[in-house]
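One structure is given below, encoded as structure tokens.
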Amino acid sequence: MPTLIVIPARYASTRYPGKPLVELTGASGEAKSLIRRSWDAAMQVKGVDRVVVATDDDRIREAAEAFGAEVVMTSEACQNGTERCAEAFDTLGGGFDVVVNLQGDAPLTPPWFVEELIEGLKKSPVAEVATPVLRTEGEALNGFLDDRKAGRVGGTTAVFGIDNNALYFSKEVIPYTGKTYGDEDETPVFHHVGVYAYRPSALAAYSRWNAGPLEKLEGLEQLRFLERGVHVLCVEVEGRGRKFWELNNPEDVPRIEAMLKGMGVA
């Protein structure tokens, strides 16, 4: 099943304008842009036939082409990464059975997260979309809770049924747990990893639908699928000692840089 990875990147982020070009210093002391680190993460994924950056901004295009990325220019009208992936897929003329949206703000995404995601979608007879979820330890959960207290969105959480089909995604910390957890304690809260794998039919349908009330309230693009009754498979992945965090706010830069250095990522 031919597989395409699209890295959607836009300059005009509401919370963090210019985010894809923000530089992150790794263990070697070298600073690399967020889009470069996202590209490097995508290139480590096995079994992928093509990787492209999808953007509407010439500054991002120039930066990406400078380090050798293939770039597909998309419309400024794209409301989110899924719409940008759909447009990039159409621009490339289709020809792929699985399209992966590796969002350009998750440079710490390990390759096995994406590999297991693709495999999960391929094996599911009913899922049209799949996304990874990572069980949090206390350190990550407490980070989410601290961010919410400070009025920041530190990450998205997911709840799903016994069939692993998503029930809901939220920028709030769900499900509620009144317990206190140590940094190494396993918790019942799952961090939604911002990666998606779609069948082309789901991508095509998504672009025809308007955003629903839940998507508008939460600002989460995947809720458009749930509001339309589309099966979204949650694929549980394991960190294997790797730290994972998304760059959502300027405050996340030192946190991600510390993780890069701690894991020895150049």
Side-chain angles (χ1 to χ4, degrees), residues 15 80-82 101 103 105-106 108-110 112-114 116-117 119-121 123-124 126-198 202 206 211-249 251-252 255-256 259:
R15 280 185 288 166
N80 55 47
T82 299
N101 173 353
Q103 298 194 79
D105 58 5
L108 299 176
T109 305
W112 62 87
F113 280 19
V114 186
E116 292 174 11
L117 170 68
E119 189 63 21
L121 181 64
K123 287 182 176 179
S124 173
V126 297
E128 298 172 73
V129 182
T131 192
V133 292
L134 177 67
R135 185 184 292 275
T136 62
E137 293 182 343
E139 180 181 11
L141 175 57
N142 293 331
F144 288 167
L145 294 171
D146 288 344
D147 280 337
R148 294 307 297 130
K149 289 176 184 176
R152 297 187 299 267
V153 175
T156 298
T157 56
V159 291
F160 47 90
I162 58 174
D163 56 2
N164 287 93
N165 283 325
L167 299 174
Y168 197 62
F169 299 91
S170 183
K171 290 179 179 177
E172 291 291 349
V173 180
I174 56 173
Y176 167 77
T177 169
K179 293 184 179 180
T180 300
Y181 297 92
D183 283 353
E184 305 301 322
D185 291 344
E186 188 176 86
T187 84
V189 176
F190 283 85
H191 186 177
H192 172 236
V193 180
V195 185
Y196 305 93
Y198 319 97
Y206 188 94
L214 295 177
E215 180 185 352
K216 291 178 181 178
L217 284 169
E218 292 267 10
L220 295 175
E221 64 202 85
Q222 66 271 34
L223 292 177
R224 193 179 307 183
F225 287 117
L226 293 187
E227 290 184 270
R228 298 282 179 162
V230 174
H231 287 286
V232 177
L233 178 70
C234 289
V235 178
E236 185 175 352
V237 294
E238 295 183 357
R240 303 183 194 175
R242 283 278 296 268
K243 299 292 185 181
F244 176 80
W245 201 265
E246 297 164 353
L247 203 163
N248 294 303
N249 309 285
E251 293 85 354
D252 293 322
R255 180 180 285 167
I256 290 176
M259 290 180 177

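All values below come from the heavy atoms of this structure, side chains included, with hydrogens, waters and symmetry mates left out.
- With a 4.5 Å cut-off on side-chain heavy atoms, M259 and W245 count as touching.
- Within a 6.0 Å radius of CD in E227, more than 12 heavy atoms belonging to other residues, nucleotides or ligands are found.
- The side-chain heavy atoms of V235 and N164, taken from C-beta on, include no pair separated by under 4.5 Å.
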| task | Let me see the working for R240 and E116 under salt bridge (charged side-chain N to carboxylate O under 4.0 Å, His left out), right down to the final yes or no. | result | CA-CA 13 Å; R240 303 183 194 175; E116 292 174 11; 3.0 Å; yes
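- Here the straight-line distance linking atom CG of D252 with atom CD of E246 works out to 9.0 Å at 0.5 Å rounding.
- Side-chain atoms of E128 and Y206 form no donor-acceptor pair, as typed in the model, at a separation below 3.5 Å.
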| request: Might you work through the side-chain contact (heavy atoms from CB on, under 4.5 Å) test for V195 and N101, ending with a clear yes or no? | output: CA-CA 6 Å; V195 185; N101 173 353; 6.0 Å; no
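- Summarising the geometry, atom CG belonging to L233 is positioned 9.5 Å from atom OG1 belonging to T131; distances are rounded to the nearest 0.5 Å.
- The distance between the ring centers of F160 and F190 falls below 6.0 angstrom.
- Side-chain contact between E137 and E186: absent, with no pair of heavy atoms (C-beta onward) separated by less than 4.5 Å.
- D105 is listed as a side-chain neighbour of N248, based on a closest heavy-atom distance under 4.5 Å.
- Separating the CG atom in L214 from the CG atom in L226 is a distance of 8.5 Å, to the nearest 0.5 Å.
- D185 contributes a side-chain N or O that, together with a main-chain N or O of G182, makes up a donor-acceptor pair within less than 3.5 Å.
- Here the closest non-hydrogen pair linking L121 and A127 is CD1-O, 3.6 Å.
- Below 30°, between 30° and 60°, or above 60°: for F225 and Y198 the angle between ring planes is between 30° and 60°, a tilted geometry.
- For the residue pair T157 / S170, no side-chain donor-acceptor distance below 3.5 Å is found, with atom types taken as modelled.
- Taking every heavy atom of both residues into account, Y181 and G138 meet most closely at CB-CA, 3.9 Å.
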| said: Using the rule given for side-chain contact (heavy atoms from CB on, under 4.5 Å), can you reason through V232 versus F169, listing the C-alpha separation, both sets of side-chain angles and the distance that settles it, and then say yes or no? | reply: CA-CA 11 Å; V232 177; F169 299 91; 4.2 Å; yes
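- Taking all atoms of both residues into account, the shortest heavy-atom contact from P188 to R135 is CA-NH1, 3.8 Å.
- Looking at every heavy atom in both residues, V159 comes nearest to P175 through CG1-CD, 3.7 Å.
- Taken to the nearest 0.5 Å, the CZ atom of F144 stands 12.5 Å off from the CZ atom of R152.
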| request: Apply side-chain contact (heavy atoms from CB on, under 4.5 Å) to W112 and R242, showing your working. | output: CA-CA 11 Å; W112 62 87; R242 283 278 296 268; 3.6 Å; yes
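- Taken from CD in E251 to CZ in R255, the straight-line distance is 9.0 Å, to the nearest 0.5 Å.
- In this structure, the side chains of V193 and V133 stay at 4.5 Å or more apart for every pair of heavy atoms.
- Counting only heavy atoms from C-beta outward, the side chains of V237 and L117 never approach each other to under 4.5 Å.
- With contacts defined as side-chain heavy-atom distances shorter than 4.5 Å, the pair L223/Y168 qualifies.
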| message | Show, in sequence, the C-alpha distance, side-chain angles and deciding distance for D147 and K171, and conclude whether the salt bridge (charged side-chain N to carboxylate O under 4.0 Å, His left out) test is met. | response | CA-CA 11 Å; D147 280 337; K171 290 179 179 177; over 6 Å; no
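- Listed for the E221 side chain is no donor-acceptor partner under 3.5 Å among the backbone atoms of N80.
- Side-chain contact between T156 and L220 is present, with heavy atoms from C-beta onward closer than 4.5 Å.
- Note: T177 OG1 to I174 CD1 = 13.0 Å, rounded to the nearest 0.5 Å.
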